[in-house]
Amino acid sequence: MTKLFDCDMHPMANGIEDFLPYIAQESWRERFQAKEFTMSGRAMDRYYHPAGTTLRQDAVPPGGGLPGSDPQFTKVDYLDRMDIDVAVMLPIQGSAVSSWTDPVAADVFSTASNDYFLDNWASFDPRLKMAITVSPLDPEASAREIRRHKDNPAVIGIFMSLVNILMGNRYYYPIYEAAVECGMPILVHPTGAEGCYLGAPVLSGGVPRGYAERRTLFPQVAWSSITSMVFEGVFQRYKDLKIVLTEFGFSWVPPLMWRMDKEWAAFRIEVPWIDVPPSEFVFDNVFFTTQPMDEPKDLSKLWEIMEMMNGERTLLFSSDYPHWDIDEPDYVLKRLPEGMRQSVAYDNAARVFAERL
Amino acid sequence: MDEKTAALAPVKPSGAYDVGAVEDFEFDVVKIFELEIGSVGVVRTSRGFYAVRNRCPHMGAPVCRGRFGGTNVTSEPDDLVYGFREDVIRCPWHGLEFHMSTGESVYGMTKGRLITYTVDIEDGRVLVSRRRGGNARPSTSS
């Protein structure tokens, strides 16, 4: 039986009311309640989702509420049915703050989100582990939030949403420093704010018209992030930093690495601190998740890509439950080369998160 | 820097080419000569003369028409440290860097290397030998 370590699962809250008990200051409780509050970073005014929602409607709990909002139903519908051994929870609603402008509000919200999910989910089933949400608007506050959870064994990673500052920029270094100190990998995931809000990461070339275009282009953010981190020397400053790029796909990884290596040969003079081919940093410090799995007609082409990107070490299984574009474990496992199956399904993630397990 | 002359034949029994008087060479300016053995770049530095074949191993570019000087040596992030002074030729195509003294690619970043020729000074004349081989690489602190 193949063990499964899912690096991308989203527990949901049903509304700000869930978080209010975890917000100490009355002023902030009042403020969040008074606002017409949406716990989503998605620009629903701008983009119409063809399915009406990003959540699986068949995953609505029997008692109602959002898909993924009931730990008991999630246990049955997800952990047990899919036979998941370890799941990394990424509370996607906390990443809504990447479209906000108030760093204090973002910090209060992220902190409340973390405490809510730790209290109600992480303690519910030992298979559920947390990637705490940290705000990208105030890296110093985020570093404090990371250290606050340093000794909590349920917290195994950091879910960092992005603003329109590339990940190699020193702006983020307080977060990286805390991550390394606490032995927590940083997970990055599309938040829905990309290309929708001033201040959120942009998509290049212009504004996509619809969901199909926009979703196709999400990997641009990952390309930019990796390139920035590598060339700005992040992995030399923070040798033990691990970055897990979730839901950005992976079939683009080999050509990105070729291109970085080629440009490095031409521009080493600009980045003389890069003393080995940039692709080596990618192999050592950056990890990718399987969902959404690309689906070429000839599966062997995908296997070639997996080999080229050292997938037996860099690729991690992810489902994205309870989102509409979920990849079922069986579906993914069948599409992995046999020799890589156990590594991708479990072993690679176990190694990436080893310090926290 | 890109001065060219008609293809020169060897003038010495040893097969060396006389490419001019020492004082005809400005310091740190690569002069290019069309010799029977091919196009060769010659530079005068404070450590002596270097000569390399004017052909980049990457795509065959006239490498000696690139910028000559030093380059940034390996450093800590955000720290630029200049070194390898008077030794690095930077190919005008793709920016690959080579040591003029040894022909080696800077930090071994490319597989290929430049062909180097021994330069001798006799009676104030600069003689480029047919013999391949260069001088030791200057230190980074130079």
Side-chain angles (χ1 to χ4, degrees), chain A residues 139 165-181 186 224-243 255 257-286, chain B residues 28 30 43 52 55-114 137-142:
Chain A
I165 297 173
L166 292 175
M167 285 183 74
N169 194 293
R170 63 187 64 201
Y171 173 84
Y172 294 109
Y173 292 178
I175 295 177
Y176 300 159
E177 197 170 316
V180 170
E181 180 188 315
I186 292 177
S224 304
S225 299
I226 294 176
T227 306
S228 169
M229 281 189 286
V230 167
F231 283 116
E232 293 222 32
V234 165
F235 298 122
Q236 278 152 320
R237 287 185 170 91
Y238 305 102
K239 290 181 171 41
D240 296 326
L241 181 65
K242 295 188 179 79
I243 302 290
M257 291 195 294
W258 297 335
R259 192 164 178 107
M260 281 201 295
D261 287 355
K262 181 180 170 72
E263 299 309 331
W264 172 65
F267 297 111
R268 186 208 60 83
I269 192 170
E270 184 189 38
V271 285
W273 44 88
I274 306 297
D275 55 357
V276 296
S279 57
E280 293 189 19
F281 292 106
V282 178
F283 288 138
D284 290 342
N285 297 91
V286 186
Chain B
D28 302 328
V30 179
V43 65
V52 298
R55 179 180 166 80
C56 180
H58 180 215
M59 285 193 193
V63 61
C64 292
R65 299 190 67 179
R67 185 179 175 85
F68 177 76
T71 188
N72 289 331
V73 300
T74 300
S75 59
E76 294 299 308
D78 285 349
D79 192 16
L80 295 180
V81 180
Y82 201 69
F84 294 134
R85 291 178 182 81
E86 293 189 290
D87 189 40
V88 175
I89 188 81
R90 184 174 167 84
C91 185
W93 301 0
H94 311 108
L96 300 183
E97 298 170 315
F98 299 90
H99 293 285
M100 284 283 282
S101 55
T102 64
E104 291 171 9
S105 156
V106 172
Y107 293 117
M109 289 182 60
T110 57
K111 285 180 186 169
R113 52 177 297 156
L114 302 180
R137 181 198 298 180
S139 69
T140 59
S141 59
S142 62

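Residue numbers begin at 1 in each chain, while the letters A, B, ... track the order of the sequences.
Put simply, the side chain of A:Asn285 gets close to the backbone of A:Leu241: a donor and an acceptor are under 3.5 Å apart.
Contact residues of residues 230-238 of chain A toward chain B are A:Glu232, A:Gly233, A:Gln236, A:Arg237 (heavy-atom distance under 4.5 Å).
Residues B:Thr71 and A:Arg268 bring a donor and an acceptor atom of their side chains to less than 3.5 Å of each other. Side-chain N/O atoms of B:Asp87 and B:Ser101 include a donor and acceptor closer than 3.5 Å.
Every residue two or more places apart in sequence or in another chain that forms a side-chain contact (heavy atoms from CB on, under 4.5 Å) with A:Pro139 is listed here: A:Tyr171, A:Pro174, A:Ile175.
Put simply, the side chain of A:Met167 reaches to within 4.5 Å of the side chain of A:Ile243, judged on heavy atoms.
Ion pairing between a basic and an acidic side chain is recognised when a charged N comes within 4.0 Å of a carboxylate O; B:Asp78 and A:Arg170 show such pairing.
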